[in-house]
Amino acid sequence: MSEIDNLIIAMNATIREALKRLESGGQGILLLVDAEGRLLRTITDGDLRRLILGGSVLDDTLHQLPSLPPKTVPVESDPITALELMNRHQIDQLPVIDASGRPRELWLRRDIDTRILLSTPHLGEWEMGFVEEAFRTNWVAPLGPNVDAFEKELAAHVGIGHAAALSSGTAALHLALRLLDVGPGDTVFCSTLTFVASANPILYQGARPVFIDSEPNTWNMSPQALDRAFNDAQRTGKLPKAVVVVNLYGQSADMAPIMALCERYGVPVVEDAAESLGATYQGKHSGTFGHLGVYSFNGNKIITTSGGGMLVSWDGALIEKARFLATQARDNAPWYQHSEVGYNYRMSNVLAGIGRGQLKVLEDRVAARRRVFQRYVEGLGHIPALKWMPEANYGRATRWLSVCTLEPEYTNIRSAQFIAELATKGIEARHVWKPLHMQPLFSGCDYYPHEEDAEFSGHAFATGVCLPSGSNMTPEQQERIVAAISQMF
Ligand SMILES: Cc1ncc(COP(=O)(O)O)c(C=O)c1O
């Protein structure tokens, strides 16, 4: 924002005066107003040059200018809206006008385009080499040496037998349920505190989700709620076909009791580790505990292929079948023959190249995201109203996102207000996932709270906020966030 008094100019000023004011204003723009001070249009150097080329002389007044309704924003606008408008119209300045149409200030792109986003891709020095190799060898198809190598390298990194590189984490979840023969009439237990992609594939398969709450210590699936759900399912003679366990915000669920329960009832587990690649549980990698595990390489994840996913398992036959289903389920015949429904779900060789490069820096990215979390705690840990998502002592969380709750006991600030306040400072924070049992899409689905009469996920949603957590965030940017939050309390 800048002082605008010296940018405002009236119709009866001359072109000569306008040129001088443009020079002294230093913003490359003037604001032409009528007798009541209402904004008529903006004037740039180019506008004045066009007047002169059109035959006007320096002593002519600005009445010569054609009318041109200006792009403006009202005073209550936030910088993000302003920036969107600037991008849409490819302009770098935007007058802010009051209710009567008078200019009050001027937003400048250079002042507001310093947004700090929640979690952005962070490329390293290796990706380009693999991608160039794919181009050089003309392997730009949805298969190729990078795909094979990425599968092997990821499987080796997390310590699992087999992996299939796919077009997204959602595709991997869908294939997992298909491989487990989930179909119409079946139920699938699923964590409720998660992104909708964890449960959408249940619907793709025509099955019905039953949602399981989280526990406060890990924010992940509550073993005691799962136990009650299994008890009820057994009593009614309808055990689920699978359990989708989500590892939230970079932290593994408490897999030992969860696996023990699922094994007791003979129900296979799909581990949705889309958000937890790089995390560990009892010394082993998150995503390797279920019968099938799923990773995502979406642009906001800890490493990315711009979009992509991986399905992993100890069961090589399942992963082989996944590759078959992901390539339109083409039978082994000399022509195109198909006996079952397939999908176009394979990852491209170009994107797998990005993945190979990203995998090399995964451990650095984990360390960087943990440092981001640490800096938040150092800068804001003294504020009792902020309660940080705990790291369970059974493993290492990646802190893919730094998340806290605003404790109503200590503050009246609500999450929506907190997020909006940071947005005015160009800082992107987001709500914690709205639990799936609260989503209109899943209304009527069964839900098991952590305790009979006490739930956690609703509280996490109502009070939780995710803070910018990118591994490429600078300490200065984080200081800005810490200062903005400190000011609120
Ligand atoms: C928990 C969870 N599951 C699944 C997905 C889906 O992954 P993708 O976006 O790669 O389809 C995501 C993220 O996008 C996620 O956060």
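Note that ligands are numbered from 1 as they come in the structure, with each ligand's atoms numbered from 1 the same way. This one's a predicted model, so the numbers in the text were calculated from it and none came from an experiment.
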Counting non-hydrogen protein atoms only, what is the nearest one to [atom]? Give residue, atom name and distance.
| atom | result |
| --- | --- |
| atom 11 (O) of ligand 1 | Thr170 OG1, 2.5 Å |
| atom 16 (O) of ligand 1 | Glu275 OE2, 2.6 Å |
| atom 9 (O) of ligand 1 | Asn298 ND2, 2.8 Å |
| atom 3 (N) of ligand 1 | Asp272 OD2, 2.8 Å |

Under 3.5 Å between some N or O of ligand 1 and some N or O of [X]?
| X | value |
| --- | --- |
| Val246 | no |
| Trp433 | no |
| Lys301 | yes |

Enumerate the atoms of ligand 1 whose separation from the nearest heavy atom of [X] is less than 4.0 angstrom.
| X | answer |
| --- | --- |
| Thr194 | 1 (C) |
| Ser296 | 7 (O), 8 (P), 9 (O), 10 (O) |
| Ala197 | 4 (C), 5 (C), 6 (C) |

Considering residues, nucleotides and ligands other than [X], do more than 12 of their heavy atoms fall under 6.0 Å from its [atom1]?
| X | atom1 | value |
| --- | --- | --- |
| Arg375 | CZ | yes |
| Trp388 | CH2 | yes |
| Phe489 | CZ | yes |
| Lys387 | NZ | no |

Hey, is Ser198 one of the residues with a heavy atom under 4.0 angstrom from ligand 1? yes
At the 4.0 Å heavy-atom cut-off, does Gly308 count as touching ligand 1?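 Within the 4.0 Å threshold, so yes.
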Decide, yes or no, whether a salt bridge links [X] with [Y] under the criterion of side-chain N to carboxylate O below 4.0 Å.
| X | Y | answer |
| --- | --- | --- |
| Arg356 | Glu133 | no |
| Arg480 | Glu476 | no |
| Arg369 | Glu275 | no |

Who gets closest to atom 2 (C) of ligand 1 by heavy atom: Ala274, Pro201, Ala199?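 It is Ala274 that holds the nearest heavy atom.
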Does one side chain, of Tyr448 or Asp232, offer a donor that lies under 3.5 Å from an acceptor on the other? yes
Is the closest side-chain donor-acceptor distance between Lys425 and Gln487 under 3.5 Å? yes
Could you see which bit of Ser168 sits under 4.0 Å from ligand 1, with heavy atoms only: side chain, backbone, both or neither? both
